[in-house]
Structures are given as structure tokens and as C-alpha cells.
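Reviewing the structure listed below.
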Amino acid sequence: MYDISVVVSTWRRVEILKKVISALLAQSMSAERFEILVIDSRSGDGTDKVVQDMAEKSGRPVRLINCEINSISARRNLGIQLANGPYLVFLDDDCI
């Protein structure tokens, strides 16, 4: 179990999302302490591939989850349901 779950809501902003994920991966906190949940709504802009590649290269817990309802509140609620940590941090795809 992680100490913190970081829920990043995104939709069709893959270029800025890369910067957000990179900044999270650069944190000094160990990988065992936090997970990153990227909640998308099937953007179709390569978000799935970018998240998968960044997770594989970093070896860190980064997951992409697709939300059927394309609203920020629905994506955040899904992140809450799937989070493994007792503490949640919510970021948007432009919060670096």
C-alpha cells in the first residue's frame, strides 16, 4: 500500500501531461511511498502510449485509467475509488 495516491485528471493535453508526470517522477520520495493515477477519458491523442512508456522507463507505479464519463468530477471520483493510498493529492494535467 502506498502512503499517497496522486490523481491526475487529463483530457487531450498529452504534451503538458508529459511534463506533469516527469515532475512527479523527479520527486525525492521513494517509489514505494506514492502512486500516480492518470485518469483520462479516451483522449485519442496518444495519452495512453505516453503514460505506458513513462511508467516502463521509470519503473515507478504510474497507471492510466479511462473514465467513461468525460468530466473532471467523474475522473476525480474514479481516482478516489481506485486509489491505494490513504492520502490523496489531486492535480490537473497542467499543474507542474
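- Following chains of ILVMFWY side-chain contacts shorter than 4.5 Å, one cannot reach I36 starting from L88, and the two form parts of different hydrophobic clusters.
- The closest side-chain donor-acceptor pair between N70 and R42, if any, does not fall under 3.5 angstrom.
- Between I39 and V7 the shortest side-chain heavy-atom distance falls below 4.5 Å.
- A donor-acceptor contact shorter than 3.5 Å links the side chain of S43 to the backbone of R12.
- At a threshold of 4.5 Å between side-chain heavy atoms, the hydrophobic network of Ile, Leu, Val, Met, Phe, Trp and Tyr places I80 and V6 in two separate groups.
- The nearest pair of heavy atoms linking P61 to A31 is CG-O, 3.7 Å.
- Between R76 and D92 the shortest side-chain heavy-atom distance falls below 4.5 Å.
- Inter-residue side-chain proximity for K49 and D53 is flagged as met; some heavy-atom pair is nearer than 4.5 Å.
- Nearest heavy atom pair, residue R75 against residue C67, reads CG-CB, 3.8 Å.
- The shortest distance between side-chain heavy atoms of L64 and V50 does not fall below 4.5 Å.
- A distance of 9.5 Å separates CG of L78 from CD1 of I69, quoted to the nearest 0.5 Å.
- Considering NZ of K18 and CG of L25, their distance stands at 14.0 Å, rounded to 0.5 Å.
- S58 places a side-chain N or O within 3.5 Å of a backbone atom of M54 that can act as its donor or acceptor partner.
- Nearest heavy atom pair, residue Y2 against residue P86, reads O-CD, 3.1 Å.
- To the nearest 0.5 Å, atoms CH2 (W11) and OG (S71) are separated by 11.5 Å.
- The structure places OG of S9 at 10.0 Å from CZ of F90, a figure rounded to the nearest 0.5 Å.
- No side-chain heavy atom of D40 sits less than 4.5 Å from a side-chain heavy atom of I65.
- Residues A55 and V62 share a closest heavy-atom pair of CB-O, 3.6 Å.
- Under a 3.5 Å cut-off, the side chain of E35 and the backbone N or O of N84 do form a donor-acceptor pair.
- Taken to the nearest 0.5 Å, the CD atom of E68 stands 8.0 Å off from the OG atom of S41.
- The backbone N or O of R13 lies less than 3.5 Å from a partner atom in the side chain of D45, making a donor-acceptor pair.
- M29 and Y87 end up in the same hydrophobic cluster when Ile, Leu, Val, Met, Phe, Trp and Tyr side chains are linked at under 4.5 Å.
- With contacts defined as side-chain heavy-atom distances shorter than 4.5 Å, the pair V20/D94 does not qualify.
- The closest side-chain heavy-atom distance from V8 to L24 is below 4.5 Å.
- Rounded to the nearest 0.5 Å, atoms CD1 (I72) and OG1 (T10) are 9.5 Å apart.
- The hydrophobic cluster containing I21 also contains I16, counting ILVMFWY residues as joined when their side-chain heavy atoms lie under 4.5 angstrom apart, directly or transitively.
- Residues L82 and R63 approach most closely at O-NH2, 3.0 Å, considering heavy atoms.
- Taking every heavy atom of both residues into account, T47 and L17 meet most closely at CG2-CD2, 3.7 Å.
- If you chain together hydrophobic residues whose side chains sit under 4.5 Å apart, F34 and V51 fall into the same group.
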